[in-house]
A.B. asks: 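Please read through the structure below; I'll follow up with questions.
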Protein chains: 2
Amino acid sequence: MKKKYDPLGIKNLRKTKARKTIIAILSKDKDRAFSAEELHTACDADLQIDLSTVYRTMNTLTESGLVTKSMRDDGKAYFQLAEPQGSVHHHRIVCSRCKASADIAMCPLHNLEQQILSETGFLITSHSLELTGLCPDCKAEEERS
Amino acid sequence: MKKKYDPLGIKNLRKTKARKTIIAILSKDKDRAFSAEELHTACDADLQIDLSTVYRTMNTLTESGLVTKSMRDDGKAYFQLAEPQGSVHHHRIVCSRCKASADIAMCPLHNLEQQILSETGFLITSHSLELTGLCPDCKAEEERS
DNA sequence: TTACATGCAAATACTTTGCATATAA
DNA sequence: TTATATGCAAAGTATTTGCATGTAA
């Protein structure tokens, strides 16, 4: 039999309209993080879901580990589908000028964890790395001006 | 003549009571990031400074580059004295259990920037790295239980 | 049927803003 | 003196919560 992507089932969460809808939205663009407001608006297309329900849903999904939450300097929380276990850990670089993004194939931290453990005695359990820069196009633009 | 630490003068900002007080507070604990509320409370000891002034001051200091701002998952902004230029770039690891912290001597990103440029064409202009883990004490605790 | 999720409205929490006054330069 | 910073109160935005109702299991 064919395996299906069933995160709610796996986490023993009720399969409600709101949760399924939101997971569907996040799944369509796994590399992007959405604000609660964005999710709320996107839900509209499907069926109306209250903004408070969006927040409650995001809290549930975040606590269950299905979704990761990160705060940005604009003061809003952004949510993104968590990488399923076993997937390749990687990071993303975002262009500060045009917001284009690219994946970084590897993670510089993995090699460092052992070194940090011996230097500091700290055991690293998680990390977040945000890279900002200029994409090739914008780099060219900047050099021209 | 002796050089003095005079960030406000350097940045051509007026030397007001609020700014001097807040910089003094941040200077006493350069490795820690303070919420606006914490700064406001700490100011109390010296002289009353309005919370809105704290926020305005932090915006000014952040824009001038004297202070760095980062959002945490609790939804609050935290402010910390920026590393003066020329200081050694480094990162910090925080214990998720007791909040103890330690410095990481080096930055794993520097060595990687060239590699990322050739792999992706992106020029890295900045990065933020947050490490979370267990300090030696808490690691021992966890293993015991 | 029953525990849990949702909608709606009201409440909170953090941060910003308008305006009159105070202060640094 | 004059532009800029501050205090105070009010407003704004993001997020949470209480409660009656709806719904998945």
Side-chain angles (χ1 to χ4, degrees), chain A residues 4 6-26 33-80, chain B residues 4 6-26 33-80:
Chain A
K4 241 191 99 186
D6 177 26
L8 292 172
I10 290 165
K11 295 290 178 180
N12 272 94
L13 295 173
R14 283 194 182 180
K15 292 168 191 168
T16 68
K17 186 186 65 171
R19 291 174 185 168
K20 285 187 286 185
T21 305
I22 286 177
I23 288 181
I25 295 167
L26 294 173
F34 296 75
S35 69
E37 193 56 57
E38 286 177 312
L39 291 170
H40 180 232
T41 307
C43 281
D44 240 64
D46 295 87
L47 266 163
Q48 185 75 307
I49 290 176
D50 194 79
L51 183 57
S52 71
T53 301
V54 173
Y55 277 109
R56 279 193 273 232
T57 300
M58 296 332 284
N59 284 339
T60 304
L61 296 180
T62 301
E63 278 158 29
S64 76
L66 255 31
V67 158
T68 58
K69 167 185 175 179
S70 62
M71 298 294 298
R72 302 237 261 251
D73 276 1
D74 63 5
K76 297 186 204 166
Y78 285 79
F79 305 92
Q80 180 165 10
Chain B
K4 242 191 97 187
D6 177 25
L8 292 173
I10 290 164
K11 295 289 178 180
N12 273 94
L13 296 173
R14 284 193 180 180
K15 292 167 191 169
T16 68
K17 187 185 66 170
R19 291 172 185 171
K20 286 187 287 185
T21 305
I22 286 177
I23 288 180
I25 295 167
L26 294 173
F34 297 75
S35 69
E37 193 56 56
E38 285 177 312
L39 291 170
H40 181 233
T41 307
C43 282
D44 240 65
D46 295 86
L47 265 163
Q48 185 75 307
I49 289 177
D50 194 80
L51 183 57
S52 72
T53 301
V54 173
Y55 276 109
R56 278 193 274 233
T57 300
M58 297 331 285
N59 284 338
T60 304
L61 296 180
T62 301
E63 278 159 27
S64 77
L66 256 30
V67 158
T68 58
K69 168 184 174 180
S70 61
M71 298 295 297
R72 300 236 260 253
D73 276 1
D74 63 5
K76 296 184 204 167
Y78 285 78
F79 305 92
Q80 179 165 10

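Sequence lines set the chain letters: A, B, ... in the order given, protein chains first and strands last, and positions in each chain run from 1.
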A.B. asks: Mind grabbing the angle between the end helix axes of the helix from C:dT1-D:dA25 to C:dA25-D:dT1? Five pairs an end, 10° rounding.
C.D. replies: 50°
A.B. asks: Atom NZ of B:Lys20 to atom C1' of C:dA25: distance rounded to whole Å?
C.D. replies: 12 Å
A.B. asks: Between the side chain of B:Lys69 and the main-chain N/O of B:Thr62, is any donor-acceptor distance below 3.5 Å?
C.D. replies: no
A.B. asks: Without decimals, in angstroms, what is the distance between B:Leu39 CG and C:dC14 C1'?
C.D. replies: 14 Å
A.B. asks: Find the distance A:Asp73:CG to D:dA14:P and express it as a whole number of Å.
C.D. replies: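 Going from A:Asp73 (CG) to D:dA14 (P), I get 15 Å.
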A.B. asks: Counting N and O atoms only, with roles assigned by atom type, does the side chain of B:Arg72 sit under 3.5 Å from a partner on the main chain of B:Tyr78, one being a donor and the other an acceptor?
C.D. replies: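 Side chain of B:Arg72 to backbone of B:Tyr78: no pair is present.
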A.B. asks: Is the side chain of B:Lys11 donor-acceptor paired with the backbone N or O of B:Ser64 at a distance under 3.5 Å, no angle test?
C.D. replies: yes
A.B. asks: Can you give one letter per nucleotide of nucleotides 15-25 of chain D, going 5' to 3': B for a protein heavy atom under 4.0 Å from the base, S for sugar-phosphate only, - for none?
C.D. replies: BBBB----BBS
A.B. asks: Rounded to whole Å, please give me the gap between CG in B:Leu8 and C1' in C:dA25.
C.D. replies: 14 Å
A.B. asks: What's the CZ-C1' distance between A:Arg19 and C:dA5, to the nearest Å?
C.D. replies: 6 Å
A.B. asks: Write down the distance between CD1 (B:Ile22) and C1' (D:dT6), rounded to a whole number of angstrom.
C.D. replies: 12 Å
A.B. asks: In this structure, how many angstroms lie between the P atom of C:dT12 and the CG atom of B:Asp74, rounded?
C.D. replies: 19 Å
A.B. asks: My understanding is that only residues two or more places apart in sequence, or in another chain, count here; which of them pass side chain to side chain contact (heavy atoms under 4.5 Å, CB included) with A:Thr21?
C.D. replies: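 Scan of A:Thr21 (side chain to side chain contact (heavy atoms under 4.5 Å, CB included), adjacent residues dropped) gives A:Lys17, A:Ile25, A:Cys43, A:Asp46, A:Ile49.
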